[in-house]
Amino acid sequence: MVAFTLSTFPSHFSTTKTVIPKFPENPKTLILEKCKTTKDLNQVHANLIKTRLLHHPAAAEPLLEAAALLLPDSTIDYAFSIFRDLEHPDSSAYNIMIRGFTEAQSPAKSILLFRQMIEHLVQPDEFTFPGILKACSKLRALREGEQIHAYIVKSMGNLQCTEFVENSLVYMYASCDRLESARKVFDGMSKRSPVAWSSMFSGYVRCGHWEEVVGLFRKMMKMGIGFNEVTLISVLKACGRLSDLELGEWIYEHVVANGLKQNDSLITSLVDMYAKCGHLETARRLFDNMSTRDVVAWSAMISGYSHSNQCREALALFHDMQNANVTPSEVTMVSVLSSCAVLGALETGKWVHSYIKKKNLKLTVNLSTSLIDFYAKCGCVDIALEVFLEMPSKNAWTWTALIQGLARNGRGETALRFYNLMLRENVKPNDVTFIGVLCACNHAGLVDEGRDYLVGMSRDLGIEPKIEHYGCVVDMLGRAGLIEESYELITNMPIKPNAVIWRTLLASCRLHKHPEIAEEALKQVVRLEPAHSGDYILLSSLYASVGRLEDATRLRNEMKKLGIKKSPGWSYIELDGSVHEFMAEDNGHPESPEIYKAVENMMEQIKKAGYEPDTMQARLEAEEDADKEASVSHHSEKLAIAFGLIRTSPGATIRISKNLRICNDCHNAAKVISEVFKREIVVRDRNRFHHFKNGSCSCHDFW
DNA sequence: ATAGGGTTAG
């Protein structure tokens, strides 16, 4: 085979006076210009074969480049067929194919091809490494990446370790979570462009080392090192996660001052940052002012609402997104499902699930995990289980969501079985997993197991219990009537107890009528969090339940004197895909008069069937709100249930979610309603599910 | 040639 060089080319062709026009001065530009579609490519390809130019790199490579990199993914196989026809592909040809495969989402093929390149003794050049290292990054192929790094070091002298190669090495290590190795390459660089910094940042972002990103960026600014839009995107992500609004706003000013507002990715990052810092209005204003909003921008804004618990706004925006004809992605759906889960919006979530199936959205691990969480939080734990069992791969979050969901729905033993399965499948539990495990022990009344897990999590797995873990155990002991042990645990645990812990103890004192420890618990709670009404109410109703009515009234008066208001309870009910919200004594609903009529009717009917109002509670509440003529029969869950009764077809299940624990009177009423109206009623309160059916509740009156 | 926006449990 004769090796041509470009300079020999024109003279060679000027002698042939055939069909072929004079070989162009710049074949690359010409070929690239001609190849706009696959069809063009075919024509040029055919022409090059006919003119026997295909074996000339200067002609073949532009063709290859067009097929592998410039046209859509589908031509990568075509590109490879061209490549295989080359008799002696040189390093540039290999480089193009290696990059092509990576870009076409087949980075494994890039690695195979690189191996072939070495076997065929084609010397890689400094352009080969960025491509092949990118393939390693995509695959998180650390071993291959390290081998290539070694190869580069070994061949130093023959080939240059350029700045590009170094950047790629940093990014490769960062993608494989090897931050120390990335940092070592980074620190050894003689010149660091913004790309090097961004590569390093991307690793810290991946691993959630937000402080590192912000710290390094501040250092960068102090040293006057240049940065660009890509750098800012990483830094904004860190600002959001750290709620570092100060730096975030500085970046916003910078963006405005430097006319970078046209960069939609940057604006989306700002939207995300403001939303994560709780500035939803600013985020929304930026979002609304974008000239075009792609799926990522919509997702960022929706997740912003969902993140700050404005779930109804999240769903409303999702609705707007569909009206704007922007197709949601897997990522959008994660936030949407999370909002549905919080709201208990079963119908909407189910619709999302069927949409995912219909549109063939990819069931990523995250998305499936969200589905599991959503179904479990809506009380459909069997569907959650179904989704789980169909997943080809699961991570710790997936297992945790399932364990948690089973536990909350009263299937403690099953939850623990799945925990053991998780260990057997070598998925490492994290601290949240143990919240689920302890919660399972709690709801199943498995006190001994619960104590063991609390000790075992740090002893066997090195996960130190946090205040929340102690909270679960305190609750568990309290429920089981082991009030003294619970109290001792609080005073002896290595973490300072918070108000939540004392409040938990207080609630179990109420349940088991233990006024002495209750008084101590209230004292502690008030010291830590003075203005929380529920605490006073717990102790006062405990007094009432043991016949100490004077103490009960005294405490209520004290509370009134201190100006402590009851925190409002609300209940949600979802009907035909929209979520209705009720508060006690609520008059805000457009159908209010009708709903109150329905409540009166409902109460009358269940009284006939034997329901007796909790007079003690009614009296206390009446005293407290005498001016408002408040009534326990106007608790938010009763309004919501009554609304459900008149708005759904006979026999349909009524699903309510509420923010507080369900009160005793409503619990009694719901049992009777389920019998009288032949309805299943599912109430999700802040702690667990109550499935009311035929006059009884799945919690066995223990919550 | 190398870096970049939105994701999930208490």
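Quick caveat: nothing in here was measured; it's all calculated off a predicted structure. Sequence lines set the chain letters: A, B, ... in the order given, protein chains first and strands last, and positions in each chain run from 1. The analysis underlying the following values was restricted to heavy atoms, covering all of them including side chains, and did not include hydrogens, waters or symmetry mates.
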Can you list, pair by pair, the side-chain donor-acceptor contacts under 3.5 Å of residues 428-437 of chain A, counting residues two or more places apart and other chains?
| residue | atom | partner | partner atom | Å |
| --- | --- | --- | --- | --- |
| A/Asn430 | OD1 | A/Val432 | N | 2.9 |
| A/Asn430 | OD1 | A/Thr433 | N | 2.9 |
| A/Asn430 | OD1 | A/Thr433 | OG1 | 3.0 |
| A/Asp431 | OD2 | A/Lys466 | NZ | 2.9 |
| A/Thr433 | OG1 | A/Thr400 | OG1 | 2.9 |
| A/Thr433 | OG1 | A/Asn430 | N | 2.9 |
| A/Thr433 | OG1 | A/Asn430 | O | 3.4 |

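- With sequence neighbours excluded, the residues forming a side chain to side chain contact (heavy atoms under 4.5 Å, CB included) with A/Leu179 are A/Tyr204, A/Cys207, A/His209, listed by chain and number.
- Counting to the nearest Å, the P atom of B/dG10 and the CD atom of A/Glu464 are 22 Å from each other.
- In the displayed structure, A/Lys109 atom NZ is contacted under 6.0 Å by at most 12 heavy atoms of other residues, nucleotides or ligands.
- Using a 4.0 Å cut-off, some side-chain N or O of A/Lys377 falls inside it from OP1 or OP2 of B/dG10.
- Atom CG of A/Asp431 is separated from atom C1' of B/dA9 by 10 Å (rounded to the nearest Å).
- Residue pairs meeting the side-chain hydrogen bond (donor to acceptor under 3.5 Å, both in side chains) criterion with at least one partner in residues 325-334 of chain A, sequence neighbours excluded, are A/Ser299-A/Thr332, A/Ser329-A/Thr332.
- Residue pairs that meet the salt bridge (Lys or Arg N to Asp or Glu O under 4.0 Å) test with at least one member in residues 171-180 of chain A, sequence neighbours left out, are A/Asp177-A/Arg206.
- We find that CG of A/Leu69 is positioned 9 Å from P of B/dA1, with the value rounded to whole Å.
- The distance from atom CH2 of A/Trp399 to atom C1' of B/dT8 is 17 Å, rounded to the nearest whole Å.
- Residue contacts shown for A/Arg686 are absent, as no nucleic acid heavy atom lies under 4.0 Å away.
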Annotated protein contacts, base or backbone, on nucleotides 2-7 of chain B with a non-hydrogen cut-off under 4.0 Å, one of B, S, - each: BBBBBB

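- Atom P of nucleotide B/dA9 and atom NZ of A/Lys466 are separated by 15 Å, given to the nearest angstrom.
- Looking at residues two or more places apart in sequence or on another chain, you find a salt bridge (Lys or Arg N to Asp or Glu O under 4.0 Å) between A/Glu529 and A/Arg503.
- Rounded to whole angstrom, the span from the CG atom of A/Asn309 across to the P atom of B/dA9 amounts to 12 Å.
- Here B/dT8 presents its C1' atom at 15 Å from CZ of A/Phe388, a figure rounded to the nearest Å.
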